[in-house]
Amino acid sequence: MEDCRLSPHQQTYTATTSLLLLQLWNAAKYFSGLPVLLLSAFEHDAHTANRPFPLRGTWLLACAFNSLFSYYWDVEHDWKMPWISRVWTEARQRKRAAQGPGQ
């Protein structure tokens with residue numbers, strides 16, 4: 001959880017972005033792994049007992065969410081490669097430009 005504390009050299013975000021909010025999202029990245037861990041333990045228990053695992057869909061969804069969210073956060077914020085937000089920002093700007101002023 002020490003990684004959730006942002007050092008002064010990491011504070012390169014805009015003034016409208018709350019540092020506390022960034023820290024909470026960073027902590028959420030780690031906490032999103034807890035359901036994966038717990039469901040994996042239950043899945044292992046069911047597998048070793050040769051029983052079906054009724055929460056397989058939930059487990060797969062938790063795994064996918066944790067993987068995608070962690071990937072996004074690491075690339076976008078920890079590695080400072082904001083290609084995802086830049087793509088969305090550029091797409092919004094092109095859409096606004098295509099709509100014309102006042103729309």
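Worth knowing before you read on, the calculation uses all heavy atoms, side chains too, and leaves out hydrogens, waters and symmetry mates. Keep in mind the model is a prediction, meaning the values are calculated, not measured.
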Excluding sequence neighbours, so at least two apart, what forms ring pair (Phe, Tyr, Trp, His ring centres under 6.0 Å) with Y71?
none

Linking I/L/V/M/F/W/Y whenever any side-chain heavy atoms sit under 4.5 Å apart, do [X] and [Y] land together?
X: V75; Y: Y72; value: yes
X: L39; Y: L34; value: no
X: L55; Y: L60; value: yes

When rounded to the nearest 0.5 angstrom, what distance separates NZ in K29 from CG in D74?
4.0 Å

Interatomic distance, S32 atom OG to L37 atom CG [nearest 0.5 angstrom]:
11.5 Å

Residues 46-54 side chain polar contacts: donor-acceptor under 3.5 Å, at least two apart:
residue: T48; atom: OG1; partner: H44; partner atom: O; Å: 3.1
residue: T48; atom: OG1; partner: D45; partner atom: O; Å: 3.0
residue: R51; atom: NH2; partner: D45; partner atom: OD2; Å: 3.2

Flag side-chain contact, heavy atom, 4.5 Å: W25 against F69
yes

Validation row: H77, N26 side chains within 4.5 angstrom (heavy atoms)
no

Would you say F42 has more than 12 foreign heavy atoms packed within less than 6.0 Å of its CZ?
no

